[in-house]
Protein chains: 2
Amino acid sequence: MTTGIAPDIALPRSHSAKRLCIIEAAARVFCREGFAGANIDLIAAEAGVSRQTVYNHHGDKEKLFVAVVQDISDRTNAAIFETLSTFPDRPDDLEADLVEFAVRLNRNCVCNSEGRFLRKLLQAESDRYPELFSGWCDQGPAKIWAALGARFARLAHAGLIEIDEPDMVARQFLALINADLQMLLQMGRQPSEEQQRQSAQNAVRMFLRAYGKRP
Amino acid sequence: MTTGIAPDIALPRSHSAKRLCIIEAAARVFCREGFAGANIDLIAAEAGVSRQTVYNHHGDKEKLFVAVVQDISDRTNAAIFETLSTFPDRPDDLEADLVEFAVRLNRNCVCNSEGRFLRKLLQAESDRYPELFSGWCDQGPAKIWAALGARFARLAHAGLIEIDEPDMVARQFLALINADLQMLLQMGRQPSEEQQRQSAQNAVRMFLRAYGKRP
DNA sequence: ATATTTTTGGACATTCTTGTCTAAATTGTC
DNA sequence: GACAATTTAGACAAGAATGTCCAAAAATAT
């Protein structure tokens, strides 16, 4: 967690380290308290940094907020697409492989702290900063539906499932894998591994009952 | 919308009328701004009432907030169970009837302003007031899953569908009817009638593909 | 019409927060 | 070890919001 990376340009080491610390702490506090309720003194304390340093780095509460959302958005998008790349294109056991994929999706993108943060802030502040979040929306969810839809289309082409509208099927798949978790997620709680797996299993079973190849 | 009801006890008319006005205005403002960001002057102005009157009625910003959540929770629960009572127990055309039911659910419970309010505040403030929202959770969602599950079980008993775990199936149904709307709902936007219907239709079609009786 | 209750508008003290400034201390570099 | 940059702690001004108090005005009931 220190640095250890190539010193491309002579970055003041602890400078950028503190920058990250601040972003992380700010993310936690914004997530807990919302934009209006977040207190810069608290952010500074939680980052282990003086208040002035926060202002030195980010200038402004609003700028800090935007930086935090940007950062988390990017990280979440990366996680989504990385997980997407593990889709079982040539499944051994379609049901089991889809369950594992769904579990990964839940764990790495939906139920982790970044996912929770984004969901919460999206709902709380997307009215106030429409461009900020709709940007994420176009690059994240909109693309993931298309990408996941394409994967399902390929499965259909391989004769493993039968579907008509891949994008819609992708949305249904995503909705289903959270069906059992919705209330927990909405209350900002972290579902257990076991709950995540159970939810994924139930989802895939129904999914294949609807779209699986019939004998 | 005035009074018109039997004057059981000699209620000062505009007294309780103003009480309602304040609750409604506070709901709007809390929903827009969150608890911390909500401004009592603004609530008073939006209710068409002086600030002092707000304090006379509810004493405290926190008490006001609790009263608002209680009020909206009760109304939403009532709407849910009323809609639930229109479930097609003896369907004429199962698919069409389920679609209509899903549309009603979306319109009266999920996509309306109370639904939006509750979703937003649940996510924003359920950490700070756990008892307040978990109370609603036990009386609302938990019961609706059971109740809707029982309806599906009856359909299964009548030989119209084939299911194993009614409660889980109920959760899947509810998740599916919002699959296409999730992003809009999460951003606090109001999906159009057409979008709501489309989403319901897609959901029911998949639902019956999975659980409908096969010839 | 009168008496009672509620509402109003505004002044007010208090607290909290943001954002700036400055001098001292710490850190890292040469 | 000396020098430069960053960080720190604390003071500070300005503004905003909560909640209280009060006297005048309005509405309600008798």
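Here the structure is a predicted model, which is why all the values come from computation and not from measurement. Here is the naming used below: chain letters follow the sequence lines, and residue numbers restart at 1 for every chain.
The pair B:Glu100-B:Arg197 meets the salt-bridge criterion, with a side-chain N (NZ, NE, NH1 or NH2) lying under 4.0 Å from an Asp/Glu carboxylate O.
B:Tyr55 meets the ring-ring contact (aromatic ring centres under 6.0 Å, His included) test with no other residue; sequence neighbours excluded. The side-chain contact (heavy atoms from CB on, under 4.5 Å) search around A:Asn56 returns A:Gln52, not counting sequence neighbours.
Out of D:dT18, C:dT18, C:dT8, the shortest distance to the side chain of B:Asn56 is found at C:dT8.
Ring-plane geometry between B:Phe35 and B:Phe65 is classed as perpendicular, the angle between the planes exceeding 60 degrees on a 0 to 90 degree scale with a lower cut at 30. The aromatic rings of A:Phe152 and A:Phe207 sit tilted relative to each other, their planes meeting at an angle between 30° and 60°.
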Got a list of side-chain donor-acceptor pairs under 3.5 Å for residues 171-183 of chain B, not counting sequence neighbours?
from, atom 1, to, atom 2, distance (Å)
B:Arg171, NE, A:Asp180, OD1, 2.7
B:Arg171, NH2, A:Asp180, OD1, 3.3
B:Gln172, OE1, B:Tyr211, OH, 2.6
B:Gln172, NE2, A:Asn202, O, 3.2
B:Asp180, OD1, A:Arg171, NE, 2.6
B:Asp180, OD1, A:Arg171, NH2, 3.3
B:Asp180, OD2, B:Asn202, ND2, 2.9

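At the heavy-atom level, B:Ala44 lies nowhere under 4.0 Å from the strands shown. Counting any heavy atom pair closer than 4.0 Å across all strands shown, B:Ala38 reaches sugar-phosphate atoms only and no base atom.
Axis angle across the helix from C:dA1-D:dT30 to C:dC30-D:dG1, with five pairs used at each end and values rounded to 10°: 30°.
Between the side chain of A:Arg51 and the base of C:dG19, at least one donor-acceptor pair of N or O atoms lies under 3.5 Å.
Counting only distance, with no hydrogens or angles, the side chain of A:Arg116 and the backbone of A:Cys111 share a donor-acceptor pair below 3.5 Å. A donor-acceptor pair under 3.5 Å links the side-chain atoms of A:Asp97 to the main chain of A:Asp92, judged by distance alone.
Scanning residues 58-69 of chain A for heavy-atom distances under 4.0 Å to DNA chain D yields an empty list.
Counting only residues at least two apart or in different chains, side chain to side chain donor-acceptor pair (under 3.5 Å) contacts with residues 133-147 of chain B comprise B:Asn77-B:Trp136.
The side chain of B:His57 places an N or O atom within less than 4.0 Å of a non-bridging phosphate oxygen (OP1 or OP2) of C:dT7. Proximity of A:Asn39 to the phosphate of C:dT18: a side-chain N or O atom is located under 4.0 Å from OP1 or OP2. Look at B:Thr53 and you'll find a side-chain N or O under 4.0 angstrom from OP1 or OP2 of C:dT8.
For A:Gln52 and A:Ala36, each mapped to the nucleotide of DNA chain C holding its nearest heavy atom, the one lying further toward the 5' end belongs to A:Ala36.
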